[in-house]
Amino acid sequence: MQNKDAGLVEKISALKKKRNAVILVHNYQLGEVQDIADFVGDSLELSQNAAKTGADVIVFCGVHFMAETASIICPDKVVLLPDINAGCLMANMITPDRLRAKKEEHPQAVVVCYINSSAAVKAESDICCTSANAIEIVEGLAAREILFIPDQYLGHYVSARTGKKMILWPGFCPTHVRIKPERIKELRQEYPQAKVIVHPECTPEVIALADEVASTSGMCQYARRDEVREMVVGTEMGIIHRLRKENPGKRFIPVSEQVICPNMKLITLEKVLWSLEEMSPEVKVPEEIRLKAIAPVDKMLKIGAKR
Ligand code: 13P
Ligand code: SF4
């Protein structure tokens, strides 16, 4: 750790105690931000942690929809997002108005909403899911018609795994579509012993070449297995920090150092300190939206995840 960081970390830690705050950090965050976390995890684990924390303040080091989900679950807590511009480009690919119009075309459809969406979109949905539990959630539905929003590739993967046909919203993650099948084939040649693991936001062509498909924390669990010595990692670069830290002696090969989510990188130690000092920027979902969005989120949390 650099001296500058050591000073910041000390100040954050003191202020965190004073505010009775908890720091929740997504697996894609900068290494130095992951290192100050009370908990590092995937979207599902972070919402589960928000639900059970006794803290008064949640400092959410991730993107806007994650902080909103914490606000939906914990209306009495202050949820801080150290950079308010940290959005999710996929979440912006759907709006409540466009979703309402689609629902009118399919009045019988159950709407399964990937957690990477705004609170207002969740409020128009029937049940949420994350990459860790999407298969179980869809498998558990009796509906004849399912509208899956907003990630077409996660939807495609879930449909293939469950055998259920779904109407797919045409959204996607601009970071994960940078992962190309040709690159996976090259890496297989270069590292013939390595296991290839990819995130379900990747395209079907990439998923077809993988040994395993998992959420970000699912990848961390997979990496701990004894038989995994080398792993090609098909997701955002930030996770490499955690994988290497938890598994010294194993080799982790990112598919490309260009696979970066710029919004995830907006959170820095300086901004975490500043947000705790100022108690800002706060993410607070308006109560009329929260009251509608809580039902689909709660349904998902009750189901949890089987990995
Ligand atoms: P996870 O829930 O797997 O961490 O994924 C979140 C995300 O935004 C992936 O791009
Ligand atoms: Fe959204 Fe993609 Fe960034 Fe995940 S990696 S937060 S889906 S833009």
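Indexing begins at 1, ligand by ligand and atom by atom, following the structure's order.
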Based purely on interatomic distance, does Asp42 place a nitrogen or oxygen under 3.5 Å from a nitrogen or oxygen of ligand 1?
->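 No, Asp42 has no N/O under 3.5 Å of an N/O on ligand 1.
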N or O pair under 3.5 Å between Ser131 and ligand 1 |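 So ligand 1 has an N or O lying under 3.5 Å from an N or O of Ser131.
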Run the numbers for me: atoms of ligand 1, each under 4.0 Å from some heavy atom of [X], listed by number.
X: His176; value: 10 (O)
X: Ser43; value: 1 (P), 2 (O), 4 (O), 5 (O), 6 (C)
X: Tyr28; value: 7 (C), 9 (C), 10 (O)
X: Ser215; value: 3 (O)
X: Asn116; value: 7 (C), 8 (O)
X: His199; value: 1 (P), 3 (O), 5 (O), 9 (C)

Between Glu236 and ligand 2, which residue portion shows a heavy-atom distance shorter than 4.0 Å: side chain, backbone, both, or neither?
->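 Contact part for Glu236 vs ligand 2: neither.
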Is atom [atom1] of [X] surrounded by more than 12 heavy atoms (other residues, nucleotides or ligands) closer than 6.0 Å?
X: Arg183; atom1: CZ; result: yes
X: Gln193; atom1: CD; result: no
X: Lys11; atom1: NZ; result: no

Closest to atom 5 (S) of ligand 2 (judged by heavy-atom distance), picking from Gly62, Gly238, Cys173 |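 Among Gly62, Gly238, Cys173, the closest heavy atom to atom 5 (S) of ligand 2 belongs to Cys173.
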From the options Met219, Glu201, Met90, select the one whose nearest heavy atom is closest to atom 7 (C) of ligand 1.
->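 Among Met219, Glu201, Met90, the closest heavy atom to atom 7 (C) of ligand 1 belongs to Glu201.
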So does [X] pair up with [Y], basic N to acidic O under 4.0 Å?
X: Lys195; Y: Glu230; answer: no
X: Arg100; Y: Glu104; answer: no
X: Asp126; Y: Lys299; answer: no
X: Arg188; Y: Asp211; answer: yes
X: Lys180; Y: Glu182; answer: no
X: Glu236; Y: Lys265; answer: yes
X: Glu287; Y: Arg290; answer: yes

Atom indices of ligand 2, in the order listed, that fall short of 4.0 Å to a heavy atom of Leu89 =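 Close to Leu89: 8 (S).
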Quick one: look at His26 and ligand 1, take heavy-atom pairs under 4.0 Å, and tell me if it's side chain, backbone, both or neither.
->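 For His26, only side-chain atoms sit under 4.0 Å from ligand 1.
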Where's the contact between Thr130 and ligand 1, heavy-atom distance under 4.0 Å: side chain, backbone, both or neither?
->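 Thr130 to ligand 1: no contact under 4.0 Å from either part.
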For atom 3 (Fe) of ligand 2, the protein heavy atom that lies nearest, with its residue and separation |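 Answer, as residue, atom name and distance: Cys261 SG, 2.4 Å.
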Does Cys88 bring an N, O or S atom to within less than 2.8 Å of atom 1 (Fe) of ligand 2?
->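 It does: Cys88 brings an N, O or S atom closer than 2.8 Å to atom 1 (Fe) of ligand 2.
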